[in-house]
K.L.:
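Before anything else, here's the structure in question.
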There are 2 protein chains.
Amino acid sequence: MPEREQLNDWDHNGGMYNGADPQDEHRMKMRGKILRRSASFNVAHAVDDLEPGTGAQSIQRALSLLNLVGLIAGERGSGASLSEIASISGRPKASVHRMLQALIAMGYVERFEEGGYRLGVQSQILGQLAQKSVDPLVTESESSLLRLAELSQDTAFLTMRTGSYSICARREEGFGEILNNALSVGDRHPLGIGAGSLAILSELSPAEVDAQFDANAQLFTERYPKVSVTALRDIIDRARVDGFVHNPGLFAQGSWAVGVPLKIRGSRPRAALSIASIAERVTGPRVERLVALLRHEAKAIGEALSTQAEP
Amino acid sequence: MPEREQLNDWDHNGGMYNGADPQDEHRMKMRGKILRRSASFNVAHAVDDLEPGTGAQSIQRALSLLNLVGLIAGERGSGASLSEIASISGRPKASVHRMLQALIAMGYVERFEEGGYRLGVQSQILGQLAQKSVDPLVTESESSLLRLAELSQDTAFLTMRTGSYSICARREEGFGEILNNALSVGDRHPLGIGAGSLAILSELSPAEVDAQFDANAQLFTERYPKVSVTALRDIIDRARVDGFVHNPGLFAQGSWAVGVPLKIRGSRPRAALSIASIAERVTGPRVERLVALLRHEAKAIGEALSTQAEP
DNA sequence: TGAGCCGATCCATGATGTGGAACAGGACTC
DNA sequence: GAGTCCTGTTCCACATCATGGATCGGCTCA
């Protein structure tokens, strides 16, 4: 933990955020103020409404809020205050308060005496239930990520697909002196942003890749205007041949990474392993070493899960 | 896992359910049809709205639904169908569908090709975030529960308080031939129902206990009409002296249990350990042995968490 | 004393979620 | 192949419900 602190003065923006969205102006202002770590940027994003007009606005808002509380409280040790949550989410305090009360009533959020809001027991339990029912991928990859982090001395990630998004499902840190902090557990980006995300795309058919990029076209131009979609397509094409993705700091300044897709027999591609670090550690011969590590673990996970196939 | 099956024909109702609530009639009818294990009964309960009129109806409904999906999908291996969920929750299909779509859009629920609805990656992640932010109690007690289950050859539980409810936060099974199936992870009951729940109450002041029973008075008469509150008060009073709760099958027929509160310095009492089994295994000298085991683990957990007190 | 923050509460407004009804598409049966 | 009985999905008029600006009480600090 203490090692983290020395990285606090990184360029958090990292060239990744260039929001033209007027809605985000307020959030941007709050960003530096509230959370010092780079995740603040991701936190802000995690709270957006997805597709509107589906007749479930309040649910989406409430779940975004739940996510947000988890991210904030997870990043720091303490809980999140009402005003913070309201500021970051960009909603009025009264609304946030009402929603939080509902979340508390359901046990998904808790608040110890005068402390901040944090996730509650129900959230914990939901995770346990999810482990049983969703798929054993996250559990299965746990030891792999630990090995990857230890052997590489960098940060290892499990990325999973949800619809047209990818989400950082797990993250393990090595004990190196440099810590890549561009991606935290729970961060969600449109498919194509991040090495793991690209690795997943490389396993989809070209038509599907097009469909994903089309679906997120607006998001891309609004939120990642500096990212060239054609460059991403190139990376994907190369990954189809090479079997791995190499991201030379495309998304966050100085954050380089390699990723490989997880191939599980009988299951659509929807997960990837990746390792991220600084440029110097993801170049030249080290790329091959990292890829070898990743491939080895990806193969192990793939085999473990393919055998116990769905009934 | 296969050992479980041989117990499927237990008396699921177990004398626990005596619902006079007219709203529940439909659910009762569905119960045996849909889920065979006793948890079906608890599933049905988990879906109730809590306090209405707080201006967050849809959130509560959506979260109940989320919980329900998790419980159903967790109980069996497969996912839950829309119609099932609609039937159990007692809401029209259209509404359930709309909510599920919202939950899917947010990644909390997933649905693989034509399969049923199950919890999604976001739920998984929420659990991870919760482990970091909520409190280390669940993680810390994991090994204790495993030891308890192994040493007792019965089923060990971690019960936690949420508001005026207690919830089964974790559960580990021994390899004995009899499996107590009256309580599953995620099951929620009003405080006072269950040995662990009573153990938590025994650490509260009499005034607080009264307040809790008052708060849940309606629930008790509606849902546990056979349970005498004065009997519960007696158990609590005895537990204050003895330091443990003994439940002689009060709630579910044949499900006896012992429980001890978890005392953590600097934290309000809100958790308990318990072991449940059949009557023959929770009587006479064995009670003391079980209590000794529980006390030992409770002490260990308490010390582990008291040292790393909140900042 | 009062400015500034915190979380909590009120309540008129209309946007929003609601759910009955109708639909499409399989899987079986007669 | 017309029948029933399941799925999951879409539509849309209705009014319930969430909304959020304004206000308040409590606390800390200058």
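By convention in this document, chain letters (A, B, ...) are assigned in the order of the sequence lines, proteins followed by strands, and residues within each chain are numbered from 1. Scope of the values below: all heavy atoms of this structure, side chains included, with no hydrogens, waters or symmetry mates.
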K.L.:
Please tell me if the side chains of Glu222(A) and Gln218(A) come closer than 4.5 Å, counting only heavy atoms from C-beta onward.
P.N.:
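Yes; the side chains approach each other to less than 4.5 Å.
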K.L.:
Given side chains that start at C-beta, do those of Ser89(B) and Leu65(B) come closer than 4.5 Å, heavy atoms only?
P.N.:
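A side-chain contact under 4.5 Å exists here.
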K.L.:
Could you please name the option among dG20(D), dG7(C), dG8(D) that lies closest to any side-chain atom of Arg111(A)?
P.N.:
dG7(C)
K.L.:
Can you work out whether Pro92(B) or Tyr117(A) has the more 5'-proximal nearest nucleotide on DNA chain C?
P.N.:
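Going by which nucleotide is closer to the 5' end, it is Tyr117(A).
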K.L.:
Categorize Ser83(B) for me: base, sugar-phosphate, or nothing, with a 4.0 angstrom heavy-atom threshold over every strand shown.
P.N.:
sugar-phosphate
K.L.:
What nucleotide among dG21(D), dG19(C), dG8(D) has an atom nearest to a side-chain atom of Leu82(B)?
P.N.:
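My answer, after comparing the listed nucleotides, is dG8(D).
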K.L.:
Hey, which of Leu71(B), Leu103(B), Leu126(B), Val69(B) is the one that makes side chain to side chain contact (heavy atoms under 4.5 Å, CB included) with Leu119(B)?
P.N.:
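When side chain to side chain contact (heavy atoms under 4.5 Å, CB included) is applied between Leu119(B) and each of Leu71(B), Leu103(B), Leu126(B), Val69(B), only Val69(B) qualifies.
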K.L.:
From the set dT18(C), dA8(C), dG20(D), return the single nucleotide nearest to any side-chain atom of His97(A).
P.N.:
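So the side chain of His97(A) is nearest to dA8(C).
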K.L.:
Leu65(A) has an atom CG; how far is it from atom P of dT19(D), in whole Å?
P.N.:
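Taking atom P of dT19(D) as the reference, CG of Leu65(A) is at 11 Å.
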K.L.:
With Ser197(A), which residues qualify under side-chain hydrogen bond (donor to acceptor under 3.5 Å, both in side chains), at least two apart?
P.N.:
Ser166(A)
K.L.:
In whole Å, what is the span from the CD atom of Gln101(B) to the C1' atom of dG17(C)?
P.N.:
15 Å
K.L.:
Out of dT16(C), dG8(D), dG20(D), which nucleotide sits closest to the side chain of Lys93(B)?
P.N.:
dG8(D)
K.L.:
If you check every side-chain atom of Ser95(B), which of dG21(D), dG19(C), dG7(C) has the closest atom?
P.N.:
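My answer, after comparing the listed nucleotides, is dG19(C).
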K.L.:
Whole-Å distance between dC6(C) P and Glu84(A) CD?
P.N.:
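Distance check: Glu84(A) CD to dC6(C) P gives 8 Å.
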K.L.:
Do Glu208(B) and Arg268(B) meet the salt-bridge criterion of a basic N to acidic O distance under 4.0 Å?
P.N.:
yes
K.L.:
Kindly give the heavy-atom pair with the smallest separation between Leu204(A) and Pro269(A), and that separation in Å.
P.N.:
CD2-CG, 3.7 Å
K.L.:
As a test of reading the structure: which of dG17(C), dG20(C), dG21(D) is closest to the side chain of Arg98(B), going by heavy atoms?
P.N.:
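The answer is dG17(C), which lies nearest to the side chain.
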K.L.:
Whole Å only: how far is the CD1 atom of Ile59(B) from the C1' atom of dT16(C)?
P.N.:
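Whole-Å distance recorded here is 13 Å.
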K.L.:
Side chain of Ser58(A): nearest nucleotide among dG20(D), dC17(D), dT19(D)?
P.N.:
dT19(D)
K.L.:
Let me know the distance between CE of Met99(A) and C1' of dG7(C), rounded to the nearest Å.
P.N.:
17 Å
K.L.:
Kindly say whether Gly163(B) contributes a backbone atom to a donor-acceptor pair with the side chain of Arg161(B) at under 3.5 angstrom?
P.N.:
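Indeed, once roles are kept as given, a pair shorter than 3.5 Å links the two residues.
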K.L.:
Would you mind reporting whether Met106(B) and Gln122(B) have side-chain heavy atoms less than 4.5 Å apart?
P.N.:
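No. Closest side-chain heavy atoms not under 4.5 Å.
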K.L.:
Expressed in angstrom and rounded to an integer, what is the separation of Gln57(A) atom CD from dT16(C) atom C1'?
P.N.:
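So the two atoms are 7 Å apart, to the nearest Å.
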K.L.:
Side chain of Ser81(A) only, please: which of dT19(D), dC6(C), dG19(C) is the nearest?
P.N.:
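From the listed options, dC6(C) comes nearest.
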K.L.:
How close or far is atom P of dT18(C) from atom CD of Gln60(B), stated in whole angstroms?
P.N.:
12 Å
K.L.:
Just how far, in rounded Å, is C1' of dT7(D) from CG of Leu100(B)?
P.N.:
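Rounding to the nearest Å, CG of Leu100(B) and C1' of dT7(D) are 14 Å apart.
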K.L.:
Where are the stems of DNA chain C, defined as at least 3 consecutive Watson-Crick or wobble G-U pairs with both distances under 3.5 Å?
P.N.:
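Stem list for DNA chain C: C:1-27 with D:4-30.
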K.L.:
Report the nucleotide, chosen from dG7(C), dG19(C), dC10(C), that has the shortest atom-to-atom distance to any side-chain atom of Ala94(A).
P.N.:
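In terms of side-chain proximity for Ala94(A), the closest of dG7(C), dG19(C), dC10(C) is dC10(C).
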